[in-house]
Amino acid sequence: MKIGYPCLNRSIGCTPSRTFRLRSYSAERLAESVRQNLDCLARILQFNLAGGLLFFRMTSDLVPFASHPVCDFPWPDKFAAEFAAIGAFIQRNGMRISMHPDQFTLINSPDPAIFERSSAELAYHARVLDLLGLDLTAKMQIHAGGVYGDKKASLDRFCARFERLDVKIRRRLVVENDDRQYSLADCLAVSRRTGTPVLFDSFHHQLNSNGEDTAAALRLAAATWGKSDGLLMVDYSSQKKGERPGAHAESIDLRSFAGFIAAGGALDFDIMLEIKDKEKSALRARRFLAKISRI
DNA sequence: AGGTGTCAAGCGTCC
DNA sequence: GGACGCTTGACACCT
């Protein structure tokens, strides 16, 4: 069981997602941003190693505008050495990496242009993981997408479009249950048809499920991960008290977390903590898991 | 230096 | 048909 947090670290005073406005694009600006982002990413990974946090979600903003037509800068060549060094660090220390292309990445959109842009965005993410030299346990998670007034047709379109994606994308893509539209059961159906593993989001499952309890849900999702995919990935967060359902808590509630871990029984999986205070809660969760000998 | 409006990208909801 | 939330950080421009 590895534990981690997404994208940013609030303790070390750098950001791996420096960007700039599209209208101020230049190759120099892009190169400078990528250089600083990679430097910061390396620092975050060192911080994580020191704290025993071996799971990390890398930001999609590492290379700004990477899949945008404006980007004519050959960043994979220019930064090959930096990527390779970070990748070697990750592998040497037994770390695991995920990425989460954001809400604009929709492979089931009825609009072919949106599919093409999404495909380019996924290709960028896969390129980053490949440049790092990571094996196929490093995944990219997306949601099933929009419903567009016809859920069955939209799921069919997801599966058809999946087959059209480059193998470099397909082999790293996993589908995550969302909080409104596509539940765990929907994602499992996609998995049966495409072979793509299902990433289980426990918080989304609380808001949108077909009644499976946590133990059953974890086992169903875990069964979709093959040997080369690695352990099941789980997104975990908790409800912010007094806020609308779905709002992420400020810091981890260790009692709820303990209950979740207990529900998993002997099943092993890796946990991404989607909690606002990021590494602080991840460190607390790690200490808790160490205390109960799960790490 | 600090404050604020805005930012590549889409969907769904609400009016 | 348009505004807004999602979820949130960081830029860019303002004072």
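Order of the sequence lines fixes the chain letters, A, B, ..., with proteins taken first and strands second; residue numbering starts at 1 for each chain.
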Heavy-atom side-chain proximity of A:L62 to A:S17 below 4.5 angstrom: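 The answer is no, as the side chains (C-beta and beyond) never meet within the 4.5 Å cut-off.
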
Counting the atoms with a prime plus P, OP1 and OP2 as sugar-phosphate, which does [X] contact under 4.0 Å by heavy atoms, base, sugar-phosphate, or nothing?
| X | result |
| --- | --- |
| A:S67 | base |
| A:R21 | base |
| A:Y148 | sugar-phosphate |
| A:V147 | sugar-phosphate |

If you measure from the [atom1] atom in [N] to the same atom in [M], how many Å do you get, rounded?
| N | M | atom1 | answer |
| --- | --- | --- | --- |
| C:dT7 | B:dT13 | P | 14 Å |
| C:dC13 | B:dA8 | P | 12 Å |
| B:dA9 | C:dA12 | P | 16 Å |
| C:dA3 | B:dT6 | C1' | 16 Å |
| C:dC4 | B:dG5 | P | 13 Å |

Minimum-distance nucleotide to A:I114 side chain [options: C:dT8, B:dC11, B:dA8]: B:dC11

Proximal nucleotide (of C:dT7, B:dG12, B:dA9) relative to the A:E121 side chain: B:dA9

5'-most by nearest nucleotide on DNA chain C - A:Q103 or A:R18: A:Q103

First encountered from the 5' end of DNA chain C, between A:R23 and A:T15: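 Nearest nucleotide further toward 5': that of A:T15.
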
Distance in angstrom units between [X] [atom1] and [N] [atom2], rounded:
| X | N | atom1 | atom2 | answer |
| --- | --- | --- | --- | --- |
| A:H143 | B:dG10 | NE2 | C1' | 13 Å |
| A:E250 | C:dT8 | CD | P | 9 Å |
| A:E116 | B:dA9 | CD | P | 18 Å |
| A:D277 | C:dT7 | CG | P | 17 Å |
| A:M58 | C:dG9 | CE | P | 19 Å |
| A:D61 | C:dC11 | CG | P | 10 Å |
| A:L122 | B:dA9 | CG | P | 18 Å |
| A:Q181 | B:dT13 | CD | P | 7 Å |

Is [Y] paired with [X] through a side-chain N to carboxylate O contact shorter than 4.0 Å?
| X | Y | result |
| --- | --- | --- |
| A:D61 | A:R18 | no |
| A:R29 | A:E32 | no |
| A:R193 | A:D156 | yes |

My understanding is that a pair needs two contacts under 3.5 Å, Watson-Crick or G-U wobble. By that rule, which nucleotide pairs with [N]?
| N | value |
| --- | --- |
| B:dT13 | C:dA3 |
| B:dA8 | none |
| C:dT8 | none |

Check: A:S11/A:E279 side-chain N/O donor and acceptor closer than 3.5 Å: yes

Parallel, tilted or perpendicular: rings of A:H68 and A:F65 (30°, 60°): perpendicular

Aromatic ring pairing A:F288/A:F257, orientation class (parallel under 30°, perpendicular over 60°, tilted between):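 If you compare the ring of A:F288 with that of A:F257, the planes turn out perpendicular.
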
Are OP1 or OP2 of [N] and a side-chain N or O of [X] less than 4.0 angstrom apart?
| X | N | answer |
| --- | --- | --- |
| A:R10 | C:dT8 | no |
| A:S109 | B:dG10 | no |
| A:T105 | B:dA9 | no |

Aromatic stack A:F104/B:dA9: centroid gap under 5.5 Å, interplanar angle under 30°: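 Yes, A:F104 stacks on the base of B:dA9, since the ring centres sit under 5.5 Å apart and the planes are within 30°.
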
